[in-house]
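One structure below.
Just so you know, residue 1 is the first one in the sequence shown, and it goes up from there.
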Amino acid sequence: MARTIELADGVYRIATDNYRLNTGLILGLEKALVIDTGAGPRQATEIYDEVRRITRLPLIVVNTHAHFERFMGNDVFHAMGAEEIWAHPRTARAIEKYGEAQRLYVETLEPEMAHHSGPGTDIVVPDRLIASDNIEGVTFTPIDLGSRTATLMYFGAAHTDGDVLIGVEDVLFTGSVVEEGVDPAFSDAYPERWVETLRAVTELQRYRIYVPGNGEPVDRDYVVRMADTIEQAVTSIRSSALDANAEATTAAMFKLSFSPGATRILLDRLTKLDALATESTEDDAQINPVTSGFTGPITLGQPGS
């Protein structure tokens with residue numbers, strides 16, 4: 001059952017159980033903005049019904065990044081008349097290229113989506129792009145909702161290479177750039193740039209409430225601590241200069257702030273990014289995640305990679 005709290009006048013966080021997902025809802029006078037649509041028609045319908053309990057305004061959707069629980073509900077909202085679906089260009093490209101492969105993740109909770117069976121199970125790619133002329137730089141894209149503007153922001157790679165944050169009043173919806181109650185998910189991440197993005201977020205003085213992609217809303221101090229913890233972990237790994245498979249490195253991982261599993265994923269991700277940075281090929285887009293839209297095994301639909 002969806003659980004909704006009003007964070008500011010007309011600004012809501014809708015929590016649903018599957019994947020501990022937080023969906024945002026921002027009301028203007030003419031339109032409403034829905035932030036992330038769930039992992040398939042079951043969750044999306046639950047979210048949509050809760051949105052419609054609150055408002056009958058025409059809907060706009062934004063996908064914060066290209067992971068299945070953020071975009072696989074798009075078809076439900078599209079069928080119900082959502083006028084636009086926004087995302088970063090890298091996110092849209094990743095959904096288009098790899099969305100089908102991500103169906104396997106939702107077999108248990110969204111079997112219809114997993115097997116592309118029944119209504120609301122198409123992969124719907126965002127059709128409105130932020131940062132289309134400046135894909136690398138920091139961008140701020142205003143969305144007019146009628147006497148209220150929501151701002152879609154991109155600060156650079158972090159949890160993925162296409163993370164969008166959405167600000168309104170003193171509330172910032174962060175997608176999985178901020179995570180609460182769990183270790184950061186490093187599989188598709190750019191850990192050092194993630195720290196930079198978190199630092200940039202905390203410099204936005206107007207925001208008081210940060211809504212993570214999963215978990216409970218947090219404050220600025222929490223975001224600062226998250227940046228510090230990731231930075232310390234990366235520094236520790238970088239300074240060890242040990243073989244990733246050596247016993248000493250495995251033991252050392254237990255001394256970091258994250259669980260052994262999360263730390264191992266972080267170590268593997270840093271190793272992968274280092275390898276990509278040193279490779280050379282005529283078709284650079286095939287190996288360069290910054291230009292190709294490749295972000296890692298979750299986006300690619302490769303569990304266990």
> Can Thr55 and Tyr12 be said to form a side-chain contact (heavy atoms from CB on, under 4.5 Å), step by step?
Replying inline: CA-CA 11 Å; Thr55 180; Tyr12 301 86; over 6 Å; no
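- A distance of 10.5 Å separates CD1 in Ile26 from OG1 in Thr149, rounded to the nearest 0.5 Å.
- Salt bridge present: Asp17 and Arg3 bring a charged side-chain N and a carboxylate O closer than 4.0 Å.
- Counting only distance, with no hydrogens or angles, the side chain of Thr64 and the backbone of Val164 share no donor-acceptor pair below 3.5 Å.
- At a cut-off of 3.5 Å, with distance as the only test, no side-chain donor of Thr91 or Asn63 sits close to an acceptor on the other residue.
- In this structure, Tyr105 contributes its side chain and Ile298 its backbone to a donor-acceptor pair below 3.5 Å.
- Looking only at atom types and distance, the side chain of Asn74 has a donor-acceptor partner in the side chain of Thr37 under 3.5 Å away.
- Rounded to the nearest 0.5 angstrom, Tyr210 OH and Asp219 CG are separated by 8.5 Å.
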>> Under the criterion side-chain contact (heavy atoms from CB on, under 4.5 Å), I'd like the reasoning laid out for Met72 against Gln102: C-alpha separation, chi angles, the key distance, then a yes or no.
In response: CA-CA 9 Å; Met72 283 194 171; Gln102 291 190 44; 3.7 Å; yes
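- Residues passing the ring pair (Phe, Tyr, Trp, His ring centres under 6.0 Å) test with Phe77, sequence neighbours excluded: Tyr48.
- When side chains are defined from C-beta on, Leu152 counts as touching Val62, because their heavy atoms get closer than 4.5 Å.
- No hydrogens or angles considered: nothing links the side chains of Asp188 and His65 as a donor-acceptor pair under 3.5 Å.
- Listed for the Ser259 side chain is a donor-acceptor partner under 3.5 Å among the backbone atoms of Ala262.
- Hydrophobic clustering keeps Phe173 apart from Val51 (ILVMFWY residues linked when any side-chain heavy atoms are closer than 4.5 Å, directly or through intermediates).
- Checked by atom type and distance alone, the side chain of Arg206 pairs as donor or acceptor with a backbone atom of Glu169 at under 3.5 Å.
- Judged purely by atom type and a 3.5 angstrom limit, Ser239 uses its side chain to pair as donor or acceptor with the backbone of Ser236.
- By the 4.5 Å heavy-atom criterion applied to side chains, Val11 and Arg148 are counted as neighbours.
- A salt bridge links Arg238 with Asp274: at least one charged nitrogen is closer than 4.0 Å to a carboxylate oxygen.
- In this structure, Gln43 CD and Met113 CE are separated by 11.5 Å, a value rounded to the nearest 0.5 Å.
- A cation-pi geometry, defined here as NZ or CZ lying under 6.0 Å from the six-membered ring centre and within 45° of its normal, holds between Arg269 and Tyr190.
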> Taking it one step at a time, do Arg42 and Asn18 satisfy side-chain contact (heavy atoms from CB on, under 4.5 Å)?
Replying inline: CA-CA 10 Å; Arg42 298 186 185 198; Asn18 292 354; 5.7 Å; no
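- With respect to Arg128 and Glu83, no salt bridge is recorded, no charged nitrogen being found less than 4.0 Å from a carboxylate O.
- Look at Arg199 and Asp228 and you find a salt bridge, because one of the NZ, NE, NH1 or NH2 atoms lies within 4.0 Å of a carboxylate O, short of that distance.
- How far CH2 of Trp194 is from CD1 of Ile230: 5.0 Å, rounded to the nearest 0.5 Å.
- Annotation: the span from Arg225 atom CZ to Leu198 atom CG amounts to 12.5 Å, rounded to 0.5 Å.
- Alongside Met1, the hydrophobic cluster contains no other residue (criterion: ILVMFWY side chains under 4.5 Å).
- Although no hydrogens or angles enter the test, the distance criterion places a donor-acceptor pair under 3.5 Å between the side chain of Glu179 and the main chain of Ala185.
- Glu96 places no side-chain N or O within donor-acceptor distance of the main-chain N or O of Val125, the cut-off being under 3.5 Å.
- Side-chain contact between Met80 and Arg52 is absent, with no heavy-atom pair separated by less than 4.5 Å.
- Using a 4.5 Å heavy-atom cutoff, the side chains of Leu21 and Ile47 are in contact.
- Here CG of Leu266 is found 4.5 Å from CZ of Phe186. Values are rounded to the nearest 0.5 Å.
- The existence of a salt bridge linking Arg53 and Glu50 is confirmed by a sub-4.0 Å separation between a basic side-chain nitrogen and an acidic carboxylate oxygen.
- Within the structure, every pair that satisfies the side-chain hydrogen bond (donor to acceptor under 3.5 Å, both in side chains) test and touches residues 21-30, not counting sequence neighbours, is listed here: Arg13-Asn22.
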